[in-house]
Novice: 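One structure follows; several queries about it will come next.
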Amino acid sequence: QVQLIESGGGLVQAGGSLRLSCAASGRALSNYAMGWFRQAPGKEREFVAAISRSGTDTSYADSVKGRFTISRDNAKNAVFLQMSSLNPEDTAAYYCAATLLPLVVTRHDWYNYWGQGTQVTVSS
């Protein structure tokens, strides 16, 4: 089992950048493919980005492609989401998640473990 804690959220102006971190404890993060999801008030949780166990494969939602970058450091048991060119539509609670499946996963119901989330608010 793994426990996930997100950090790095906050308030940023449109066009700005933030870097989210997801720290893991318990089982080594290298055993899991990882993903980032977000959920805005009144909306369903949506996929943002995912990365394979080794970090060689990634996937992004069309809405963030070219602006967000997912990465991981298995030695530090951490996953990151670098977000740039933020706009108000990116405002949401961001969650990292871990899956035991050995591939890049975009469906939230295929993830086994979730963090508590970190709020990102982008002002116009």
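None of the values given here were measured: they were computed from a predicted structure.
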Novice: Not counting sequence neighbours, which residues clear side chain to side chain donor-acceptor pair (under 3.5 Å) with Arg67? List them please.
Specialist: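 If we apply the side chain to side chain donor-acceptor pair (under 3.5 Å) test to Arg67, skipping adjacent residues, the hits are Asp90.
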Novice: With sequence neighbours excluded, give me every salt bridge (charged side-chain N to carboxylate O under 4.0 Å, His left out) pair touching residues 43-56.
Specialist: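 Pairs touching residues 43-56 that pass the test: Arg38-Glu46.
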Novice: Using the rule that two of Ile, Leu, Val, Met, Phe, Trp, Tyr join whenever any of their side-chain heavy atoms come within less than 4.5 Å, decide whether Phe80 and Phe68 are in one cluster.
Specialist: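 Different clusters.
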Novice: Donor-acceptor pair, distance only, cut-off 3.5 Å: does the side chain of Asn112 make one with the backbone of Leu100?
Specialist: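 Yes; judged by distance alone, with no hydrogens or angles, the pair exists.
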Novice: Does CD1 belonging to Ile5 count more than 12 external heavy atoms closer than 6.0 Å?
Specialist: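 No, the 6.0 Å shell around CD1 holds no more than 12 heavy atoms from other groups.
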Novice: Is the closest side-chain heavy-atom distance between Ser7 and Thr118 below 4.5 Å?
Specialist: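 They are not in side-chain contact.
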Novice: In chain order, what residues pass the side-chain contact (heavy atoms from CB on, under 4.5 Å) check against Ser124, with sequence neighbours excluded?
Specialist: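 side-chain contact (heavy atoms from CB on, under 4.5 Å) check on Ser124 returns Pro88.
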Novice: Sequence neighbours excluded, which residues qualify as salt bridge (charged side-chain N to carboxylate O under 4.0 Å, His left out) partners of Arg72?
Specialist: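 Result, salt bridge (charged side-chain N to carboxylate O under 4.0 Å, His left out) vs Arg72: none returned.
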Novice: Answer yes or no: is there a side-chain heavy-atom contact under 4.5 Å between Phe37 and Tyr111?
Specialist: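 Yes, close enough: below the 4.5 Å cut-off.
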Novice: Tell me whether Trp36 is reachable from Val2 by hopping between hydrophobic residues (I, L, V, M, F, W, Y) whose side-chain heavy atoms are closer than 4.5 Å.
Specialist: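 In one cluster with Val2: Trp36, yes.
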Novice: What distance separates Leu86 CG from Thr121 OG1, expressed to the nearest 0.5 Å?
Specialist: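 Between atom CG of Leu86 and atom OG1 of Thr121 there are 11.0 Å.
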Novice: Between the side chain of Thr91 and the main-chain N/O of Val122, is any donor-acceptor distance below 3.5 Å?
Specialist: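 Yes: the side chain of Thr91 pairs with the backbone of Val122.
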Novice: When rounded to the nearest 0.5 angstrom, what distance separates CG in Leu20 from CD in Gln82?
Specialist: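 Here the rounded value is 8.5 Å.
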Novice: If the condition is ring-ring contact (aromatic ring centres under 6.0 Å, His included), which residues does Tyr60 pass it with, not counting sequence neighbours?
Specialist: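 So Tyr60 forms no ring-ring contact (aromatic ring centres under 6.0 Å, His included) with any residue.
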Novice: Hydrophobic side-chain clustering at under 4.5 Å (ILVMFWY, transitive links): who's grouped with Leu11? Put none if nobody.
Specialist: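 Answer for Leu11: none, a lone residue.
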Novice: Please tell me if the side chains of Leu29 and Asp73 come closer than 4.5 Å, counting only heavy atoms from C-beta onward.
Specialist: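 Answer no - side chains too far apart.
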Novice: Please collect all side-chain hydrogen bond (donor to acceptor under 3.5 Å, both in side chains) contacts where either partner lies in residues 96-107, sequence neighbours excluded, each pair once.
Specialist: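 For residues 96-107: Arg107-Asp109.
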Novice: Are Val79 and Leu81 close enough, and set up right, to give a side chain to side chain contact (heavy atoms under 4.5 Å, CB included), and what steps lead you there?
Specialist: CA-CA 7 Å; Val79 178; Leu81 185 69; over 6 Å; no
Novice: Step through the shown structure and confirm whether more than 12 heavy atoms of other residues, nucleotides or ligands are within 6.0 Å of CH2 on Trp114.
Specialist: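 Result for CH2/Trp114: enclosed.
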Novice: What distance do Tyr95 atom OH and Glu6 atom CD have between them, rounded to the nearest 0.5 Å?
Specialist: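 These two atoms lie 8.0 Å from each other.
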Novice: Answer yes or no: does atom CD of Gln119 have more than 12 heavy-atom neighbours from other residues, nucleotides or ligands under 6.0 Å?
Specialist: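 Yes, enclosed.
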Novice: May I ask whether Ile51 and Phe47 are part of the same hydrophobic cluster, defined by side-chain heavy atoms of I, L, V, M, F, W, Y residues being less than 4.5 angstrom apart, directly or through others?
Specialist: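 No: no chain of side-chain contacts under 4.5 Å links Ile51 to Phe47.
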Novice: Name all pairs fulfilling the salt bridge (charged side-chain N to carboxylate O under 4.0 Å, His left out) condition that reach into residues 113-124, sequence neighbours left out, sorted by first residue then second.
Specialist: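 As it turns out, there is no salt bridge (charged side-chain N to carboxylate O under 4.0 Å, His left out) pair with a partner in residues 113-124 once direct neighbours are skipped.
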Novice: Not counting sequence neighbours, list each pair that qualifies as a disulfide bond (SG atoms under 2.5 Å apart) and has a residue in residues 43-91.
Specialist: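 Matches after skipping sequence neighbours: none remain.
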Novice: According to the disulfide bond (SG atoms under 2.5 Å apart) rule, which pairs have a member within residues 93-124, sequence neighbours left out?
Specialist: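 Checked against disulfide bond (SG atoms under 2.5 Å apart) - neighbours excluded - the pairs reaching residues 93-124 are Cys22-Cys96.
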Novice: Does anything in residues 8-17 pair up under salt bridge (charged side-chain N to carboxylate O under 4.0 Å, His left out), and if so which pairs, sequence neighbours excluded?
Specialist: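 The answer is none; no pair qualifies.
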Novice: Quick test of your reading: applying side-chain hydrogen bond (donor to acceptor under 3.5 Å, both in side chains), list the pairs with at least one residue in residues 24-34, sequence neighbours left out, ordered by first then second residue.
Specialist: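 The answer is Gln3-Ser25.
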